[in-house]
Amino acid sequence: MSVVLVVEPQLFSTQALSKQFGHARIVLHSATPARAVAILQAVMVDTVVIPDCKIEEADYAMLLSVMRLIAPASTLICLPCG
């Protein structure tokens, strides 16, 4: 049973997400990287999915730093936007 956190899900195709994470028990959506940090503080997440088109933005750098501290065992996946 896995818990997947998808940051800015509107940037991904629904088909790609369901194909890759259809097996997940719980899929959480976060509209912003800051909200994703709050979710990581409250819930144990197995996988965090972020859009590769925004990886250079400061908010995502903050999310990655927090992930290393709060959820070091979580897997990070960058998926293409669209």
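Computed from a predicted model, the values in this text were never measured in an experiment.
- No side-chain heavy atom of S2 sits less than 4.5 Å from a side-chain heavy atom of T47.
- Going from atom CG of D59 over to atom CG of L64 covers 11.0 Å, rounded to the nearest 0.5 Å.
- Residues L17 and V27 are not in side-chain contact: their nearest non-hydrogen atoms beyond the backbone lie 4.5 Å or more apart.
- Hydrophobic clustering of Ile, Leu, Val, Met, Phe, Trp and Tyr side chains at less than 4.5 Å, counting indirect connections, keeps I77 apart from V7.
- Taking both residues in full, the closest heavy atoms of S30 and R35 are given as OG-CB, 3.3 Å, listed atom of the first, atom of the second, then distance.
- Residue E56 qualifies as open at atom CD: its count of foreign heavy atoms under 6.0 Å is 12 or below.
- L76 and L79 end up in different hydrophobic clusters when Ile, Leu, Val, Met, Phe, Trp and Tyr side chains are linked at under 4.5 Å.
- Here the SG-CD distance, from C81 to Q10, works out to 9.5 Å after rounding to the nearest 0.5 Å.
- Neither M62 nor V49 shares a network with the other; the hydrophobic side chains, linked directly or stepwise wherever heavy atoms of I, L, V, M, F, W or Y lie under 4.5 Å apart, form separate groups for each.
- Between L5 atom CG and I50 atom CD1 the span is 10.5 Å, to the nearest 0.5 Å.
- Considering all non-hydrogen atoms of both residues, L63 and P33 come closest at CD1-O, 4.2 Å.
- Listed for the D46 side chain is a donor-acceptor partner under 3.5 Å among the backbone atoms of V3.
- Expressed to the nearest 0.5 Å, how far SG of C53 lies from CG of L11 amounts to 5.5 Å.
- Taking CZ of F21 as the reference point, atom CD1 of I26 lies at 15.0 Å (rounded to 0.5 Å).
- The shortest distance between side-chain heavy atoms of Y60 and P51 falls below 4.5 Å.
- Within the 4.5 Å cutoff, no side-chain heavy atoms of Q20 are placed close to those of V4.
- Expressed to the nearest 0.5 Å, how far CG of L40 lies from CG of L28 amounts to 9.5 Å.
- V48 and V45 make their closest contact through CG2-CG1, 4.0 Å (heavy atoms, listed as atom of the first residue, atom of the second, distance).
- Listed here is the closest heavy atom pair of M67 and S74: CE-CB, 3.9 Å.
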